[in-house]
Trainee: 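Here's a structure for you.
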Amino acid sequence: MKQVYKCILEAKTQGHKLLAVLIDPDKFSMNRVETFMEKVNNSMATHVFVGGSEVEEGVTGCLVSEIKKYTNLPIILFPGDVTQITDSADAILFLSLISGRNPDYLIGKHVAAVSKLRKAQLEIIPTGYILIENGKETAVQRVTGTKPLPKANNQEIIDTAKAGELLGMKLIYLEAGSGAKEAVCQNIVSAVKQELKIPLIVGGGIKNKEQLDAAYNAGADMVVIGTAFEEDESFFSELRASIIVNQVLNEK
Ligand code: 1GP
């Protein structure tokens, strides 16, 4: 059994940056899995996240089983709803939407998930999920009926992340939203990073290597990218090329 959280903690301690490729079952057809995963395996990706805001019941389980045939990377559920829980993954981000004030996403959905989780072998990783304003309405905002935290209010974002850590959450995820116009800005990432002892995930609107590096340099331990890979699979080659350049430079 993969020890997913332990490996994330070890990577953080050693300064190894992690990259999760997000696959949204609602936007992904089953017949793309094999070729897509070949590209994922040949890239710098370290994890696969599976989940979406609105996914038909049963689809996530089938997709995870198919992905598993083609990769050894850990597969982590990033569920928008209880119906997306499937035992075929390795772990689940047990998300609390701590930027919002909808009790369903702070405790209600968690209670509803327990009967499924009790029977599953999934590693459960409690995660404080913080939605940050990015200039347009996101699916998370619409589905959960919550407002994102204003991006200008650094202190509220920092305090929210710290409150999540103090509540015992094991990861904090700063989210601009899928396909966000603007990724979470570097000063927010670095300010939150300075407060936290637990690993920090950053996602939403990251579309190129410069933005990926900017998130890492600001302090993200793991970055999540979905839309950029969905829209242009050549982004994988861009990442592959940069790994090779780094290897060559390191060997000199
Ligand atoms: C969304 O953070 C993830 O929940 C990834 O966002 O699709 O914009 O890469 P993108």
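Atoms within each ligand, like the ligands themselves, are counted from 1 in listed order. Fair warning: this is a prediction, and the values are worked out from it, not measured in the lab.
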Trainee: For Lys207, which part has a heavy atom under 4.0 Å from ligand 1: side chain, backbone, both, or neither?
Mentor: neither
Trainee: Using the salt bridge (Lys or Arg N to Asp or Glu O under 4.0 Å) rule, pick out the option among Glu66, Glu38, Glu233 that qualifies with Arg32.
Mentor: Glu233
Trainee: Test Asp81 against every option in Glu57, Lys109, Glu54 by the side chain to side chain contact (heavy atoms under 4.5 Å, CB included) rule and name the one that passes.
Mentor: Lys109
Trainee: Nearest 0.5 Å, what's the CG-CG distance between Leu106 and Leu95?
Mentor: 11.5 Å
Trainee: State if Ala228 counts as touching ligand 1 under the rule of any non-hydrogen atom under 4.0 Å.
Mentor: no
Trainee: Report the C-alpha distance between Lys193 and Asp221 in whole Å, list the side-chain angles of each, state the deciding distance to 0.1 Å, and finish with yes or no for salt bridge (charged side-chain N to carboxylate O under 4.0 Å, His left out).
Mentor: CA-CA 9 Å; Lys193 176 69 179 178; Asp221 298 298; 2.8 Å; yes
Trainee: So is there a nitrogen or oxygen of Gly205 less than 3.5 Å from a nitrogen or oxygen in ligand 1?
Mentor: yes
Trainee: Could you identify the single nearest non-hydrogen protein atom to atom 7 (O) of ligand 1 and state the distance to 0.1 Å?
Mentor: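 Here the closest protein heavy atom is Thr227 OG1, 2.5 Å.
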Trainee: Looking at atom 5 (C) of ligand 1, what's its closest protein heavy atom, distance included?
Mentor: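 Heavy-atom neighbour on the protein nearest atom 5 (C) of ligand 1: Gly204 N, 3.7 Å.
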Trainee: Does the N or O separation between Phe78 and ligand 1 drop below 3.5 Å for any pair?
Mentor: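 No.
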Trainee: Quick one: does Tyr173 get a heavy atom under 4.0 Å from ligand 1?
Mentor: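 Tyr173: in contact with ligand 1 (<4.0 Å).
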Trainee: Using a strict cut-off of 4.0 Å, indicate which atoms of ligand 1 neighbour a heavy atom of Ile225.
Mentor: 9 (O)
Trainee: Picking from Ile132, Leu174, Leu149, what satisfies side chain to side chain contact (heavy atoms under 4.5 Å, CB included) with Thr160?
Mentor: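 For Thr160, the side chain to side chain contact (heavy atoms under 4.5 Å, CB included) test succeeds with only one of Ile132, Leu174, Leu149, which is Leu149.
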Trainee: When the ring centroid of Tyr105 is compared with that of Tyr129, is the distance short of 6.0 Å?
Mentor: no
Trainee: Taking non-hydrogen atoms only, is Leu22 closer than 4.0 angstrom to ligand 1 via side chain, backbone, both or neither?
Mentor: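 It is the side chain that gets close, since no backbone atom is under 4.0 Å.
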Trainee: In Å, rounded to the nearest 0.5 Å, how long is the span from CD of Gln141 to NZ of Lys136?
Mentor: 11.0 Å
Trainee: Which residue and atom name correspond to the protein heavy atom nearest atom 9 (O) of ligand 1, and how close is it?
Mentor: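 That would be Gly226 N, 2.8 Å.
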Trainee: Nearest protein heavy-atom contact for atom 4 (O) of ligand 1: which residue, which atom, what distance?
Mentor: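 Result for atom 4 (O) of ligand 1: Glu175 OE2, 2.4 Å.
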Trainee: Using a strict cut-off of 4.0 Å, indicate which atoms of ligand 1 neighbour a heavy atom of Gly179.
Mentor: 7 (O), 8 (O), 10 (P)
Trainee: Which class fits the ring pair Phe49 and Tyr173: parallel under 30°, tilted 30 to 60°, perpendicular over 60°?
Mentor: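 Aromatic pair Phe49/Tyr173 classed tilted.
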